[in-house]
> 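One structure, pasted below without further comment.
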Amino acid sequence: MFRRFIVASAAGMLACLGFGASGRADPSDPVPVTLEGLQQSCDGGEAVDCAALGHLYRRGEEVPQDLSRAIAMFRRGCDLSSGAEEFGSYACHFLAAFYESGEGVPRDLARALQLYEKSCKAGNDDSCSQARVVRLSIGN
């Protein structure tokens, strides 16, 4: 499921954060979500907003496409994610997928497994499933 989400449009992620199809914040939202706001929030320690930025940079929506910046945003979000923060743990899940596939980083199944397990411990069931797949791949 998340494998499809990773390659899906960041529009879905933005919709979850209050953006409409046009990339603009929903007018009923009390605080409009902007690219600058996401960056400030990520810089301020909000892991889920770092993940949202990662999606934007990966897909090149609202910003120029930049895979290395996407990976950096997912890495920052994952580093910020605490063990009990499921939504922030998605940054770890998406970063793990890069290591699993070798897209933008050297393929490293051991690192992918660590990241999936971190996300799994935070309650991300998709990461738990993907960790089992990676474990089988590396023979653990």
Side-chain angles (χ1 to χ4, degrees):
M1 176 176 159
F2 270 88
R3 204 161 285 299
R4 282 180 281 158
F5 188 74
I6 289 170
V7 297
S9 169
M13 182 72 164
L14 291 174
C16 292
L17 295 171
F19 279 91
S22 68
R24 298 202 182 343
D26 183 298
S28 65
D29 222 7
V31 178
V33 178
T34 64
L35 183 62
E36 294 79 19
L38 286 174
Q39 185 64 59
Q40 288 175 351
S41 184
C42 174
D43 292 344
E46 290 296 327
V48 69
D49 290 340
C50 297
L53 285 168
H55 284 291
L56 291 175
Y57 283 108
R58 185 177 190 297
R59 299 292 300 165
E61 296 179 14
E62 304 295 323
V63 294
Q65 187 174 21
D66 186 339
L67 193 57
S68 60
R69 184 113 189 238
I71 292 167
M73 291 293 99
F74 289 130
R75 185 173 287 123
R76 179 184 291 174
C78 184
D79 289 346
L80 291 169
S81 177
S82 70
E85 184 185 343
E86 181 182 358
F87 292 113
S89 77
Y90 285 110
C92 298
H93 181 94
F94 300 126
L95 183 59
F98 280 103
Y99 281 105
E100 183 182 1
S101 69
E103 181 184 8
V105 295
R107 188 166 192 244
D108 185 343
L109 293 179
R111 181 69 177 136
L113 181 58
Q114 288 176 326
L115 293 165
Y116 283 132
E117 287 176 340
K118 179 178 179 178
S119 183
C120 175
K121 287 177 186 171
N124 184 333
D125 292 336
D126 293 310
S127 288
C128 298
S129 298
Q130 200 58 34
R132 285 190 291 273
V133 170
V134 172
R135 257 189 238 107
L136 289 172
S137 296
I138 59 178
N140 284 341

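Keep in mind that this is a model prediction, so the values were computed, not measured.
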> Would you say Ser137's side chain and Val133's backbone share a donor-acceptor pair under 3.5 angstrom?
yes
> Please report the shortest heavy-atom distance between Tyr57 and Arg69, naming the atom on each side.
OH-NH1, 3.1 Å
> Given the side-chain rings of Phe74 and His93, with only the six-membered ring counted for Trp, is the space between their centroids under 6.0 Å?
no
> Of all the heavy-atom pairs spanning Tyr116 and Ser127, show the shortest one and how long it is.
O-CB, 3.3 Å
> May I have the step-by-step check of side-chain hydrogen bond (donor to acceptor under 3.5 Å, both in side chains) for Gln114 and Tyr99, ending in yes or no?
CA-CA 10 Å; Gln114 288 176 326; Tyr99 281 105; over 6 Å; no
> To the nearest 0.5 angstrom, please state how far the CD atom of Gln130 sits from the CD atom of Glu117.
12.0 Å
> Might you point out which heavy atoms bring Gln65 and Arg58 nearest each other, and give the distance in Å?
NE2-O, 2.8 Å
> So do the side chains of Tyr90 and Asn124 get within less than 4.5 Å of each other, counting heavy atoms only?
yes
> If the test is side-chain contact (heavy atoms from CB on, under 4.5 Å), which one of Leu115, Leu109, Leu113 qualifies with Arg111?
Leu115
> If I take atom NZ from residue Lys118 and atom OG from residue Ser81, how far apart are they, to the nearest 0.5 angstrom?
5.0 Å
> Output the distance between atom CG (Asp126) and atom OG (Ser119), rounded to the nearest 0.5 Å.
8.5 Å
> Could you state the interatomic distance from SG (Cys50) to CG (Leu38), rounded to the nearest 0.5 Å?
9.5 Å
> How long is the gap from CE on Met73 to NE2 on His55, to the nearest 0.5 Å?
13.0 Å
> Taking Thr34 for its side chain and Gly37 for its backbone only, find out whether a donor-acceptor pair lies under 3.5 Å.
yes
> List the atom of Ala91, the atom of Cys78, and the distance in Å for their closest heavy-atom pair.
CB-N, 3.5 Å
> First locate atom CG of Leu53, then atom CD of Glu62, and finally report the distance between them rounded to the nearest 0.5 Å.
11.5 Å
> Looking at side-chain heavy atoms only, is the closest gap between Glu46 and Gln40 below 4.5 Å?
no
